[in-house]
Trainee: 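The structure follows.
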Amino acid sequence: MRKAEFLVPSEAMLEFTDAMASRHLDNSVTGTTTEGEIVVEVSYEREENNEVDELEKVLEKIREEMDEEKDEEEEEDEK
């Protein structure tokens, strides 16, 4: 059995867990980071590698969207 660790921003946890649940991957929350991210460990078999790769892409997209929102908010504040 393989394991992957994801550091998920707390405000993105709902979207991330929806994506994870739809892939039926075994997982557990193992803690938090000093930045407030939630540490999620996913256990998977070799044949589930594509699902884990997709989950990594989902998290990357979530982070990008959060960064864009933050940038837009900062621009609004500057006006």
Trainee: Do Glu5 and Val39 make a side-chain contact, defined as non-hydrogen atoms from C-beta onward lying under 4.5 Å apart?
Mentor: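 Yes, their side chains come closer than 4.5 Å.
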
Trainee: What's in the same ILVMFWY side-chain cluster as Met1, cut-off under 4.5 Å, chained through other members?
Mentor: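 Taking Ile, Leu, Val, Met, Phe, Trp and Tyr as members, Met1 stands alone, with no cluster partners.
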
Trainee: Answer whether the closest heavy-atom distance between the side chains of Glu35 and Leu7 falls below 4.5 Å.
Mentor: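 No, their side chains stay 4.5 Å or more apart.
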
Trainee: Would a 4.5 Å heavy-atom cut-off, applied to side chains only, mark Glu60 and Glu64 as touching?
Mentor: yes

Trainee: According to a 4.5 Å side-chain heavy-atom criterion applied to Ile, Leu, Val, Met, Phe, Trp and Tyr, with indirect links allowed, do Val42 and Val29 form part of one hydrophobic cluster?
Mentor: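 Hydrophobic grouping puts Val42 with Val29.
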
Trainee: Which value, rounded to the nearest 0.5 Å, describes the distance between Arg2 atom CZ and Arg46 atom CZ?
Mentor: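 Rounded to the nearest 0.5 Å, the CZ-CZ separation comes to 4.5 Å.
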
Trainee: What residues form a side chain to side chain donor-acceptor pair (under 3.5 Å) with Thr17, not counting sequence neighbours?
Mentor: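 For Thr17 there are no side chain to side chain donor-acceptor pair (under 3.5 Å) partners, ignoring immediate neighbours.
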
Trainee: Check this for me: does any side-chain nitrogen of one of Glu68 and Arg63 sit under 4.0 Å from a carboxylate oxygen of the other?
Mentor: no

Trainee: With a 4.5 Å cut-off on side-chain heavy atoms, are Leu25 and Glu48 touching?
Mentor: yes

Trainee: Could you go through residues 51-58 and list every donor-acceptor pair under 3.5 Å that involves a side-chain atom there, pairing it with any protein atom two or more places apart or in another chain?
Mentor:
residue : atom : partner : partner atom : Å
Glu54   : OE1  : Arg23   : NE           : 3.4

Trainee: Between atom CE of Met66 and atom CG of Asp71, what is the distance when rounded to the nearest 0.5 Å?
Mentor: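 Here the rounded value is 12.0 Å.
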
Trainee: Would you indicate whether the side-chain heavy atoms of Val8 and Glu37 approach each other to under 4.5 Å?
Mentor: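 Glu37 does not reach Val8 side chain to side chain.
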
Trainee: Identify the heavy atoms of Leu59 and Pro9 that sit nearest to each other, and give their distance.
Mentor: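 Smallest interatomic distance, heavy atoms only, reads CD1-CD, 4.2 Å.
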
